[in-house]
Amino acid sequence: MHLPYLSLITFLPIVGMIIVLALPKEQGKTMKITTLLITGIQVVLAVFLLSNYNYSLGGIYDQASFQFVEKFRWIDIENFSWIGRIKVDYFLGIDGISTPLVLLTAIVTFIATLSSWNINKSLKGYFALFLLLDTGMMGVFVSLDFFLFYIFWELMLLPMYFLIGIWGGPRREYAAIKFFLYTLLGSIFILIVMIGLYFSTTEPMADGTKAFTFNLLAMMDPNNATATGILSALNPANLRFAAYIALFAGFAIKIPMFPFHTWLPDAHVEAPTPISVILAGVLLKMGTYGILRVSFPIFPEITKQLVWYIALFGMINIIYGAFCAMAQRDFKKLIAYSSVSHMGYVLLGMAALNTMGISGAILQMFNHGTITAMLFLIVGVIYDRAHTREIDGFGGLAVQMPVYTGFVTVAFFAAIGLPGLSGFISEAFVFLGAFGVRLIRVVTIVSTLGIVLGAGYMLWTLQRVYLGKLNEKWSGLKDLNFREYAMFIPLSAIVIFLGVYPSAMLDLMNTSVNSMVQFMQNIQVYYSSINVF
Amino acid sequence: MNINNFISDLAFIKPELVISATLVIIVLFDLIFSSKKKLLPYISLIGIVVAGYFVINQFGTAVTTFKTSLKYGMVVVDNFSSYFKIVVLLASFIVVIFSMLSSEVNSNEERHGEYYTLLFGMILGMFLMSSASDLILIYLSIELLSLSSYVLAGFVKNTIRNSEASLKYVIYGGVSSGIMLFGISLVYGLTGSTNLYEINTLIQVQNFPYITFLIAGLFILVGFGFKISAAPFHFWTPDVYEGAPIPITAYLSVASKAAGFAVLIRFIKITFVGSTDSSGYWILLNIIDWKSIIVLLSILTMTLGNFAALWQDNLKRMLAYSSIAHAGYMLLGLAVMSNAGINAIMVYFIVYALMNLGAFFVVMVISNKIGSENIDDYRGLGRRMPFLGIIFAIFLVSLVGLPPTAGFIAKVMLFIALIDARMVAVAVIALLNTVVSLYYYIRVLKNMYLVDVEKEKPIIPIKLANGIVMILLAAPILIFGIYFSPIIDFAKNSITILGF
């Protein structure tokens, strides 16, 4: 028996929230330090998890090979004359898919806390909501029970709404409600599928009876399917295809996948810098994580049928996002669209359904998290000083702020995918993996255009903002201060380290990805043997 | 009827007797100690608690009393009725406390005797509604409830909108109860009985003219639809809710709706259901297709309620439409025609009682302070009343149905019932409605928090008593949102309706 590390890392922010709420209003500084401390402990815990992580265990579908598992009965109501029993487990655990994201969440939240230092409006509310959001994000990545997953998933909506809505830019009300409505729309689809899956899965209980379950791992095992469940493959009149589409749409809104992406630029432009960092760094990953954790292993046979479409949407995201980014005049909006483009790679890699592609996708999730966090911080730094984000209004900042421009170069080149920096590895893996699959080869080839386009808008921006003659208006801008160094150095270090030594991350996920690919293949054989096609 | 039977039957209606006795005590106390009106609410609270004790004591019995024939009587005491009586008492207890803190009610102190007397008239009506198994008693109890509430809706005589509310309520109520009575007379004409159990037996063995029976059933439904404010019988709701004093509005939206649901469910279950299968689904007798009717009614009700709420600027009107929408969700539970659906309705009601009363209470406290219920006057209130803002947010989020609040659990139970019954399309419509509802609930929070006010006004202090009531209402919403076994368990044990 080990300490409940995962509960600790998930609920620690709630403790912080209570402390922040209990502090008197004037103690703004203490609130900042408390939040920094809490998120700092989270990073330490995440590193601890990582150092005690057993690289040889796969996870995915097998509870025994999940690590740091905590499982106990949370809700258990027996003797329903009609359905027997309602039970929900408190079930946490991590494997090679979730561990990188837990680490990412901890790091990005910590950096975002540092960048929250400039917030000066109702600090108490800000940090309380910030910490609540943190719990929601962490919870999504560690929970293995669908009900719990869903609660954490929805828990983030309200804090995010307020964080954008109160501390955001001029059109914040519109952006906040748009974000809220879009994501709620997505999550109701998830809710319906969740209940449908609940009635299609039974799990053997200790006393020998079988009970419906929300356990994600049980849902993956076709042996647990009920004969008449609405989403059970054994039922000839099942609605699995429709459910898959609904579930995918629910997750796709979060990614955000074209054509559900329109909330993202608005939310990003209006959100304050730290919230943009979290939104791009962590929240977007939840969509792709949900697809990997829920859609793929539970509906392998439908995934197989639809990979081409998933890859196609990935391609549209890559190309369309890049073109949109190119057309932007607002620096932050440009970065927001570059996120749309970069998340397309994740979709493309997942659609490959082979080890290389999925590893690339997860690595891209992690790398995009760190790189985009940096990019938004870069915009934040300049906006703090100049109070404008108009790209054409700048020029020659490299002269004025050399150190800052150094970090900008690292982040921009990593985003472009320059070898030696982390973005290159993940994009290369995605393309290699996807190219290996005959079905989606053409889509992959078209998608590579994204690299060129990405280089196009990134370099063009670099040139317009940082190179050339210094615009005299900005001759008073100061270079980075100590706090900003503390934000950029760790992120740059990660970006460079993973560019040089990607195995650090790949080894972590390798066993899990392999077992996931294996599982998907085996189970497809099973599903074709019972003639569901 | 023999007098000995009558006396022994009285033992089964102890809660009703306690309520009646309290009513009489309030009248007498008001007459004799007219200078001590401050004590009236406390007497009411004691009466409610004592009645509650007897209701809980009755839990587990299942009898039919006040027999009109050899086998069946007018009043049924079973867990189902006890459950709704508990909901009614819970709401009544809270509403009496509301009334003590309401400036509207307190401005008419000389008429407090009437106020609490009529309140107990309502409680008695609602108790009989949840227990009635005879069309005559159903009609009488609904009338008792209605007449008391007409007067209470116009309790604050000195404002025009109050009197308007009362008058509108009387007119709509009168018409709908007339139609209902006509329906009852048709049923009596067809079957020769007013007892639901007897009608059920007769439907099983005899053939009745289909059209006439359908019309009779729909006419009776009008009366119930009026009480639960289901569309298209909802037209009175916004006006009455806006005009009535807030404690009464809150009461109408929770307790009166609960009693309406109790009697509607019992009416359909006892009269038109032949048997229940092993998965808890009701097998309807082949006379009226209640399932389709209720599905249509509920979709209409929730959609209309939600969309109309989008345009409301008065908080009371908005909550009125929101309560119509919630009636629509709950009707879905009935539309499933299964034990799971009824279980969902019962869970929903406990949660709905807490969150809706809570929301109305916050509106009342704000209205006491700033004298307005207009959403534009809520600008910046989140900063001026920080504690109240958080509590209001909890109630509103629960009304939307987001975790980790109890509102989410109530909705999930409902959708579990729906999806188990393969009513996926209906579930999708209901969930899309939830998304619509988010917009108007969050609009309140938007005005309280997001809108910048030019001049920061000072913090408005709230009374300690108000704060305590708010915490007592909000805490269970969060607790049941995270650990919901108790309410589901309680509801599960209460679905036994006598006769099946």
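We name chains A, B, ... by the order of the sequence lines, and we start the count at 1 in each one. None of the values given here were measured: they were computed from a predicted structure.
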So CD of Glu173(A) and CD1 of Ile442(B): to nearest 0.5 Å the spacing works out to 12.5 Å

- Interatomic distance, Tyr198(A) atom OH to Ile419(B) atom CD1 [nearest 0.5 angstrom]: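 One gets 12.0 Å once the value is rounded to the nearest 0.5 Å.
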
Filtered by a 4.5 Å non-hydrogen cutoff, the part of residues 130-153 of chain A contacting chain B is Phe147(A), Tyr150(A), Ile151(A)

For residues [X] and [Y], report the shortest heavy-atom separation together with the two atoms involved.
X         : Y         : result
Leu450(B) : Arg172(A) : O-NH2, 2.9 Å
Leu438(B) : Leu181(A) : CD2-CD2, 3.6 Å
Thr228(A) : Arg422(B) : O-NH2, 2.5 Å

For this session: Specify which of Ile86(A), Ile75(A), Leu184(A), Ile166(A) makes the most heavy-atom pairs with chain B at under 4.5 Å.
Result: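 That would be Ile75(A).
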
Looking at [X], I want to see if its [atom1] is surrounded by more than 12 non-hydrogen atoms of other residues, nucleotides or ligands under 6.0 Å.
X         : atom1 : result
Lys121(A) : NZ    : yes
Phe387(B) : CZ    : yes
Phe11(A)  : CZ    : yes

So, the part of Ile409(B) with a heavy atom under 4.5 Å from chain A: the answer is side chain

Per-residue contact mode, Leu432(B) against chain A (heavy atom under 4.5 angstrom) |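 Backbone plus side chain of Leu432(B), per the 4.5 Å heavy-atom cut-off to chain A.
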
Please determine, among [options], the option with the most heavy-atom pairs under 4.5 Å with chain A.
options                                    : result
Asp277(B), Val400(B), Ile416(B)            : Ile416(B)
Gly280(B), Gly481(B), Pro403(B), Pro404(B) : Pro403(B)
Asn343(B), Val428(B), Ile390(B), Val397(B) : Asn343(B)
Ile482(B), Asn493(B), Val424(B)            : Ile482(B)
Gly382(B), Ala427(B), Ala340(B)            : Ala340(B)

Handout entry: Which atoms of Ile230(A) approach chain B - backbone, side chain, both or neither, heavy atom under 4.5 Å
Key =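 Both backbone and side chain.
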
Hey, are the side chains of Phe415(B) and Ile192(A) touching, using non-hydrogen atoms and a 4.5 Å cut-off?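 Result no, sub-4.5 Å side-chain heavy-atom pair not found.
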
- [ ] Measure the shortest side-chain to side-chain distance between Phe408(B) and Leu191(A) over non-hydrogen atoms and say whether it is less than 4.5 angstrom.
- [x]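 Yes; the side chains approach each other to less than 4.5 Å.
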
ask   = So which bits of residues 484-492 of chain B come within less than 4.5 Å of chain A, counting non-hydrogen atoms only?
value =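 The residues closer than 4.5 Å to chain A, in numerical order, are Phe484(B), Ser485(B), Ile488(B), Asp489(B), Lys492(B).
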
Which is it for Ile195(A) and Asp420(B) under the side-chain contact (heavy atoms from CB on, under 4.5 Å) test, yes or no, and what are the steps along the way? CA-CA 9 Å; Ile195(A) 296 173; Asp420(B) 191 36; over 6 Å; no

